[in-house]
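Report on the following structure.
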Amino acid sequence: MKNTKKKNAPSMRKRITNLLVHLALAILAFIWLLPIIWIVLTSFRAEKGSYVNSFFPKSYTLNNYIKLFTDRTVLNFPRMFTNTLIIAIFACLISTFFVVSVAYSLSRMRFKMRKPYMNMAMILGLFPGFMSMIAQYYLLKTMGLTEGGMIRIALIIAYSACAGMGFQIAKGYLDTIPKSIDEAAIMDGATQWQVFTRIIMPLSKPIIIYTTLTSFIAPWVDFIFANVLCGANSKQFTVAIGLWNMLQKEYIHQWYTAFAAGAVVISIPIAIIFLLMQKYYVEGVSGAVKG
Amino acid sequence: MKDKNISVINAIKFGDIWTKLSMLVMGSGLFMHKQKIKGVLVFLCEIAFIFYMATLGIGRLALFGTLGTHEQQEVWNEAKGVYEYVQGDNSQLILLYCIVTMFVIAALIVLWILQLRHSYKLEKQLEEGKKVPTFIEDIKNLFNGNLHITLMALPILGILVFNVVPLTYMISMAFTTYSKEGNHLVLFDWDGLTQFIKVLSLKGSIGKQFSSVLKWTIIWAIFATFLNYILGMILALVINRKETKGKAFWRFCFILSIAVPQFVSLMIMRTMLQPQGAINVVLQNAGLIAEPLPFWTNATWAKITIIIINLWIGIPYTMLQVTGILQNIPAELYEAAKMDGAGPVTIFFKITLPYMLFVTTPYLIASFVGNINNFNVIYLLSGGGPTYVGDSAGQTDLLVTWLYKLTINQQYYNIGAVIGILTFAILSVITLVTYRNSKSYKNEEAFM
């Protein structure tokens, strides 16, 4: 009897720690999911206004989603959506091209300005983003890009022009592709251009997809730059500014639940993209850590 | 160009007549040394430059000293019998144009050096009887040995125009009187280091605000970086335990919170924690508190709330990033520690943490820099508030959010620029000291 007890005692303790660990994880997971549950519930809530006295809605409705996509009077969500979509498509094409080009050059080719360029990008990255943002605004203004429909072009430029500084993750990935592959191709008479387009590009499909999607997401979630460039031009609003405005004093009572609906609508695709992309994100980061 | 003899000085000293002529007529050396098309192109650049300088550039640069002197004036028009406005000088535009012109001049100087050196190189090649590459061959080479030039030209142009030029412009603003103060919004002047002294003297109102904002920025960055790092690592370890069931499920729960766009989750948090927000309502209904908790209205509460919410955002990120690295820790280390009877806490602080700190220094620096420049969390949560009357900086403002308020909302552009420069200075010191000594920086060097 004594022997079995002795054998059971540690496993008993183990079982208790195990139980506690799982309990702690469950509580933490609940805390982490709470705001998400709350916003989803709010998006189906029938009562208006932001201040309610119960966590769960009293009655449920789909009207918030309908309002979001049909009410074009004050905050025109469908138009914001198309604005953002157009900006995002162009911005992501340009930035992907920039990022991949720079990453390839820095990873595969050796030239005099390589190290200075990398140091320069690091130093420029230390400046607070807004410092250049305000001056960029004036620059775009002198180019006449801050009026009416031109704001879209200004935003596309703003989101993609400096993409060449964000090469680290893509370069980290390209560094993991063995150099012997390109050396062999060059021995066989391939030009660098052919190595780039026919060999490295197909091999780095994951990182290209990753870059495309992250730069596609940026205009949807950026609020600050869009706010500075759009100002009061409500016709050019992007989704992020629209959602932000829905929470301002004048609109919050009417629009709070619609805001929740908008947040859900925007978050679902972005969340899916992120969940699919997390592998590359992790690889990129650990690649950067390894150097 | 790898040849050391091919330099500008040698080109000027020993070049033939055509190379020497290129000092004045750019491209002439290239043209006479069998690279006609290139020579013509370079010459056209020079013509365009001269044209620009003659028509606009010189006029613009002339105003650099004063940044404009004419105020907008009302002039009585006799014929029409009305007051007419005469456009005054706009210092802001003058400064911007001056900087653009200087960059154009710099570009021409670079081109001047390159063409001179190239002309000398061609001359040498011809002397040695070597074949000079034709224009077509040069173009072909842009897709082979010089592919990096083709690929990086546009990205670098983008960075120059939309990052370097704007930054120079903002930096130069720090030395002017461009501010709401004294009504210098249209017409301003050079002001030397006055604004720097104002901010750094720590005596005046601005100086006091600067020191309090700086203190909070550093406290925030330390907490945000290291708490997230350690707690995220513990979470990753707990999920990765052999005995933990449903690893993928737990990971999914936490990752879901970062998959939601940050500005959405931050705005949700902000409304949930309002005096009449969901959290206070639930707590009040449960009878746990009588008064709403002052999450955003009390400075200390606001600071703690921000740090805790940032944990909500940051822990899953750390978990995601360190999971892979944690598995690389040699298992023998753990075995040995267990043999010696070390408990999980000792193992964490004696083995896991030191190992991770060693491997992930660059990541830690990057996230420290990111936190000092973390605009979103502060701006979308507390907006920098609560703010004391008469201050431009709130109690939870970071240097960056203060910079934003100073420029966008309050139009103290010069002080804003000073704050930006100081932020940069602080960050560069931190990064240079740690980064250059880090393992991965040296590795990169070895990798070359």
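Reminder, nothing fancy here: chain letters follow the sequence lines and each chain counts from 1.
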Per-residue contact mode, [X] against chain A (heavy atom under 4.5 angstrom):
| X | answer |
| --- | --- |
| B:L364 | neither |
| B:I421 | both |
| B:Q92 | side chain |
| B:K245 | both |
| B:L399 | neither |
| B:L235 | side chain |
| B:L96 | side chain |
| B:I408 | side chain |
| B:I159 | both |
| B:Y413 | side chain |

Side chain / backbone / both / neither for [X] at chain B, heavy atoms under 4.5 Å:
| X | value |
| --- | --- |
| A:Y138 | both |
| A:M109 | side chain |
| A:A26 | both |
| A:Y137 | neither |
| A:M246 | neither |
| A:W220 | backbone |
| A:M113 | neither |
| A:F196 | side chain |
| A:V221 | both |
| A:V228 | side chain |
| A:I123 | both |
| A:L140 | side chain |
| A:Y117 | side chain |

Next item on the list: Could you check which of A:I266, A:L28, A:I217 has the highest count of heavy-atom pairs closer than 4.5 Å to chain B?
Entry: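 Going by pairs under 4.5 Å, I would pick A:L28.
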Do [X] and [Y] have a side chain donor and acceptor closer than 3.5 Å?
| X | Y | value |
| --- | --- | --- |
| B:Y317 | B:S367 | no |
| B:Y169 | A:Q136 | no |
| A:N119 | A:R114 | no |

Note to self: If you count every heavy atom of other residues, nucleotides or ligands that lies below 6.0 Å from A:R198 atom CZ, does the total exceed 12?
What the structure shows: no
Next item on the list: May I ask you to decide if the ring planes of B:F375 and B:Y379 are parallel, tilted or perpendicular, using 30° and 60° as cut-offs?
Entry: parallel
Note to self: For B:T423, run the side-chain contact (heavy atoms from CB on, under 4.5 Å) check against B:V418, B:L403, B:N373 and tell me which one passes.
What the structure shows: B:N373
